[in-house]
Amino acid sequence: QVQLVESGGGLVQAGGSLRLSCAASGPTFTTYVMGWFRQAPGKEREFVAAITWSGGMTYYTDSVKGRFTTSRDKAENTVYLQMNSLKPEDTAVYYCAARTYRTQDYGVRYYSPRDYDYWGQGTQVTVSS
């Protein structure tokens with residue numbers, strides 16, 4: 001199975017930037033899409049961004065468009081989430097997740113945590129005002 005390890009979280013002032021990394025190991029060639037999710041205290045886990053492993057197609061939730069960018073380095077089996085212009089409401093534990101390829105996946109976008117098969121342990125991002 002695929003193992004995921006996030007890093008790069010921390011404390012930053014509003015308007016600042018952070019870059020999260022998600023290192024994948026195991027059979028990554030079976031991965032269709034890598035997603036980023038976040039969960040704030042008392043709230044449900046929500047979709048942030050995703051990138052297809054093969055084609056590099058990206059999509060984002062509206063609240064982070066223009067501020068966050070996800071990318072991947074296939075040679076390093078690593079996915080990144082560059083977060084700029086951070087706001088206090090971005091404070092959460094950030095998780096990366098992987099969905100194993102199924103035949104019906106081509107062109108489909110996945111936004112629900114239930115659609116993903118593997119998860120990292122999460123990394124805390126705190127944005128102070």
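Of all non-hydrogen atoms in Phe47 and Tyr116, the two that sit nearest each other are CE1-OH, 4.3 Å. Summarising the geometry of Ala50 relative to Val33, their closest heavy-atom pair is CB-CG2, 3.8 Å, with the distance given to 0.1 Å. Considering all non-hydrogen atoms of both residues, Trp119 and Pro113 come closest at CZ2-O, 3.5 Å. Considering every non-hydrogen atom in both Tyr118 and Thr100, the closest pair reads CE1-OG1, 3.4 Å.
Of the inter-residue distances, the one linking Leu4 atom CG with Tyr95 atom OH reads 13.0 Å to the nearest 0.5 angstrom. Asn84 CG to Arg67 CZ: the interatomic distance, rounded to the nearest 0.5 Å, is 9.0 Å. From Glu89, atom CD reaches atom OG of Ser63 across 8.5 Å, with rounding to the nearest 0.5 Å. Interatomic distance, CG of Leu86 versus CZ of Phe68, reported as 5.0 Å (0.5 Å rounding). Rounding to the nearest 0.5 Å places OG1 of Thr91 at 7.0 Å from CD of Gln124. The OG atom of Ser129 sits 9.5 Å away from atom CD of Gln13, with the distance rounded to the nearest 0.5 Å.
The main-chain N or O of Gln1 is found under 3.5 Å from a side-chain atom of Gln3 such that the two form a donor-acceptor pair. Between the side chain of Glu6 and the backbone N or O of Cys22, no donor-acceptor pair lies under 3.5 Å. With hydrogens and angles disregarded, no donor-acceptor distance shorter than 3.5 Å links the side chain of Thr70 to the backbone of Leu81. In this structure a side-chain-to-backbone donor-acceptor pair under 3.5 Å is missing from Gln121 to Val5.
Here the side chains of Trp36 and Ile51 are not in contact, with every heavy-atom distance at 4.5 Å or above. Residues Val12 and Met83 have side chains not in contact (no heavy-atom distance under 4.5 Å, counting atoms from C-beta outward).
Note: the hydrophobic cluster containing Met57 also contains Val108 (ILVMFWY, side chain heavy atoms under 4.5 Å, direct or indirect links). Cluster membership for Met34 and Tyr80, using ILVMFWY side-chain heavy atoms within less than 4.5 angstrom, is not shared.
In summary, Arg102 and Asp115 do not engage in a salt bridge, as defined by a charged side-chain N under 4.0 Å from a carboxylate O.
Using a 3.5 Å distance cut-off with no hydrogens or angles, the side chains of Gln82 and Thr69 do not pair a donor with an acceptor. No hydrogens or angles considered: a donor-acceptor pair under 3.5 Å links the side chains of Tyr94 and Arg38.
Sorted by first and then second residue, the side-chain hydrogen bond (donor to acceptor under 3.5 Å, both in side chains) pairs involving residues 49-62 (not counting sequence neighbours) are Asp62-Lys65.
Judged by the 6.0 Å distance and 45° axis criteria, Arg45 is not positioned over the aromatic ring of Phe37.
Within 6.0 Å of OH in Tyr106 there are 12 or fewer heavy atoms belonging to other residues, nucleotides or ligands.
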*Do Glu46 and Glu44 pass the side chain to side chain contact (heavy atoms under 4.5 Å, CB included) test, and can you show the C-alpha distance, the side-chain angles, and the key distance before you say yes or no?*
CA-CA 6 Å; Glu46 65 172 357; Glu44 293 187 352; over 6 Å; no
